[in-house]
Amino acid sequence: MLGILRYYILKYKYVISITIFAILIGFVGEHSLIKRYAQKQEISQLNNEINKKRATYNNDKQKLDRIKNNPEAVKRVAHEKYYMKTEDEDIFVVKD
């Protein structure tokens, strides 16, 4: 039995070596192909999130610039967001 096993190991040593190497690279270890694929997916999701945050940042920056440079914009924000009013008006808040 041991002689037959030794015979097959010597005969197929390259096939066995390549198979073990492929298993180690593909599935085992910190730098396996499966983990690399998962990391690429995570990087892609994070890049999408960064792009969304940048768009939100640019939008908020434009609003802030408008508020800093236009006194009417300050009044509009005070009316809409903080329900402030002038002396001669009444505000009714209607929620859906």
Side-chain angles (χ1 to χ4, degrees):
M1 181 71 180
L2 201 55
I4 296 173
L5 182 64
R6 177 182 254 168
Y7 171 74
Y8 281 112
I9 289 175
L10 289 175
K11 185 176 181 182
Y12 298 109
K13 62 184 170 189
Y14 295 113
V15 174
I16 293 170
S17 298
I18 291 171
T19 305
I20 291 172
F21 178 74
I23 289 171
L24 288 175
I25 294 297
F27 304 105
V28 180
E30 188 176 323
H31 303 289
S32 68
L33 295 176
I34 294 171
K35 287 189 180 182
R36 274 192 180 200
Y37 178 75
Q39 289 171 347
K40 282 185 179 183
Q41 292 291 92
E42 185 178 357
I43 288 171
S44 175
Q45 289 174 351
L46 291 173
N47 282 334
N48 288 338
E49 189 174 329
I50 286 171
N51 290 335
K52 289 177 186 177
K53 297 290 182 185
R54 280 188 182 147
T56 304
Y57 170 77
N58 289 334
N59 189 17
D60 291 344
K61 186 175 179 182
Q62 288 175 353
K63 287 180 183 178
L64 183 62
D65 288 340
R66 275 188 248 133
I67 289 173
K68 283 182 180 179
N69 297 329
N70 188 357
E72 289 298 318
V74 174
K75 287 181 184 178
R76 188 178 69 243
V77 170
H79 282 299
E80 292 175 0
K81 193 168 185 178
Y82 298 109
Y83 305 117
M84 294 183 174
K85 63 178 186 154
T86 59
E87 291 181 13
D88 61 339
E89 68 181 4
D90 293 325
I91 294 181
F92 296 98
V93 179
V94 178
K95 293 187 178 181
D96 293 336

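Just the heavy atoms: all of them, side chains too, but no hydrogens, waters or symmetry mates, feed the values below. Count residues from 1 along the sequence.
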Considering all heavy atoms of both residues, which atom of Ser32 and which atom of Gly26 are nearest to each other, and what is their separation?
CB-O, 3.6 Å
Suppose we screen for side-chain contact (heavy atoms from CB on, under 4.5 Å). Which residues come up paired with Ile25, at least two apart in sequence or across chains?
Phe21, Leu33
Name all residues meeting the side-chain contact (heavy atoms from CB on, under 4.5 Å) criterion together with Glu42; count only those two or more places apart in sequence or in a different chain, and write none if there are none.
Leu46
Are Val28 and Tyr37 linked, directly or through other ILVMFWY residues, by side chains that come within less than 4.5 angstrom of each other?
no
Can you name the residues that form a salt bridge (charged side-chain N to carboxylate O under 4.0 Å, His left out) with Lys35, not counting sequence neighbours?
none
Result block: side-chain N/O donor-acceptor pairs under 3.5 angstrom for residues 55-66, not counting sequence neighbours:
| from | atom 1 | to | atom 2 | distance (Å) |
| --- | --- | --- | --- | --- |
| Thr56 | OG1 | Lys52 | O | 3.0 |
| Asn58 | ND2 | Arg54 | O | 3.3 |

Run the side-chain contact (heavy atoms from CB on, under 4.5 Å) test against Asn47 and tell me which residues pass, sequence neighbours left out.
Ile43, Ile50
Can you tell me which residue among Leu10, Leu2, Ile9 is in a side-chain contact (heavy atoms from CB on, under 4.5 Å) with Arg6?
Leu10
Do the side chain of Ser44 and the main chain of Lys40 share a donor and acceptor less than 3.5 angstrom apart?
no
What's the separation between atom OG1 in Thr19 and atom CG in Leu24, rounded to the nearest 0.5 Å?
11.0 Å
Are Tyr14 and Tyr8 joined in one hydrophobic group, where the rule is that I, L, V, M, F, W and Y side chains link up if heavy atoms are under 4.5 Å apart?
no
Quick one: list whatever passes side-chain contact (heavy atoms from CB on, under 4.5 Å) with Val74, sequence neighbours left out.
Ile67
